[in-house]
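Contents: one structure, followed by commentary.
Nothing fancy with the numbering, it's 1 onward along the sequence. Not measured: the values here are computed from a predicted model.
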Amino acid sequence: MKTGLISGIISLIIVIIISITAGNWQYIYYISGPLGILLTAIAIVTLLDAFRFETRGPYFTPVRQREDTEWMKRFIIAAVPHLVASCICILFL
C-alpha cells in the first residue's frame, strides 16, 4: 500500500512542477483530475477481473486473486492524491 501512495504523491509532485513552470495552476486539475479518474477506473477493472476469476477460469489461483486485490488497492491509493488535489483546485481556484 505504501508503493501506491508514494507513486501517487511523486506523480502529483511532477504535475505541480509542470503547472509551476507553465505558470498556470489550472493544469493541476486538467492533468490530475483525469489521471485520478483513470487510476480509479483501472482499479475497478482489476477488481472485476479478480471477481471474474474467483469461481472459474483456467488461471484461477488464490494467489492470483490476492495479487489482483493488492494491485487494486495500489491503484486506488495512487488515485487519492490526484483526486484530492483536483478537488482543492476546483474549490479554491
Side-chain angles (χ1 to χ4, degrees):
M1 289 188 10
K2 285 183 184 178
T3 58
L5 184 64
I6 291 171
S7 64
I9 290 173
I10 288 173
S11 60
L12 181 63
I13 289 171
I14 291 171
V15 169
I16 290 173
I17 290 172
I18 290 171
S19 68
I20 288 172
T21 57
N24 192 357
W25 287 99
Q26 294 176 347
Y27 284 159
I28 292 177
Y29 65 83
Y30 286 150
I31 298 172
S32 284
L35 188 60
I37 292 170
L38 179 72
L39 287 170
T40 305
I42 291 172
I44 291 171
V45 168
T46 307
L47 180 66
L48 291 176
D49 184 49
F51 285 145
R52 183 179 66 151
F53 284 125
E54 181 177 330
T55 57
R56 58 177 164 65
Y59 303 112
F60 171 70
T61 60
V63 174
R64 182 170 189 266
Q65 184 181 10
R66 193 175 326 118
E67 288 175 358
D68 285 346
T69 55
E70 288 298 318
W71 276 104
M72 186 262 317
K73 289 177 189 176
R74 288 179 188 152
F75 284 128
I76 271 296
I77 291 174
V80 168
H82 290 285
L83 294 175
V84 168
S86 61
C87 288
I88 288 173
C89 286
I90 288 172
L91 290 175
F92 294 113
L93 290 180

All N/O donor-acceptor pairs, side-chain side in residues 29-37, below 3.5 Å, sequence neighbours left out:
unit_1: S32; atom_1: OG; unit_2: I28; atom_2: O; d: 3.2
unit_1: S32; atom_1: OG; unit_2: H82; atom_2: ND1; d: 3.3

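- Note on V15 and I88: separate hydrophobic clusters, where clusters join Ile, Leu, Val, Met, Phe, Trp and Tyr whose side-chain heavy atoms are under 4.5 Å apart, directly or indirectly.
- The distance from atom CD1 of I14 to atom CD1 of I9, rounded to the nearest 0.5 Å, is 12.5 Å.
- L47 contributes atom CG, which lies 11.0 Å from atom NZ of K73 (distance to the nearest 0.5 angstrom).
- In the hydrophobic clustering of ILVMFWY residues, with side-chain heavy atoms under 4.5 Å counting as a link, I42 and M72 come out apart.
- Nearest heavy atom pair, residue T21 against residue I18, reads OG1-O, 3.0 Å.
- W25 contributes atom CH2, which lies 4.0 Å from atom CD1 of I20 (distance to the nearest 0.5 angstrom).
- The side-chain contact (heavy atoms from CB on, under 4.5 Å) test with L48 singles out one residue from T46, V45, I44, and that residue is I44.
- For L91, there are no side-chain contact (heavy atoms from CB on, under 4.5 Å) partners two or more places apart in sequence or in a different chain.
- Distance check, rounded to the nearest 0.5 Å: CZ of R74 to OG1 of T69 gives 10.0 Å.
- By the 4.5 Å heavy-atom criterion applied to side chains, I76 and L39 are not counted as neighbours.
- Expressed to the nearest 0.5 Å, how far CG of L12 lies from OG of S7 amounts to 11.0 Å.
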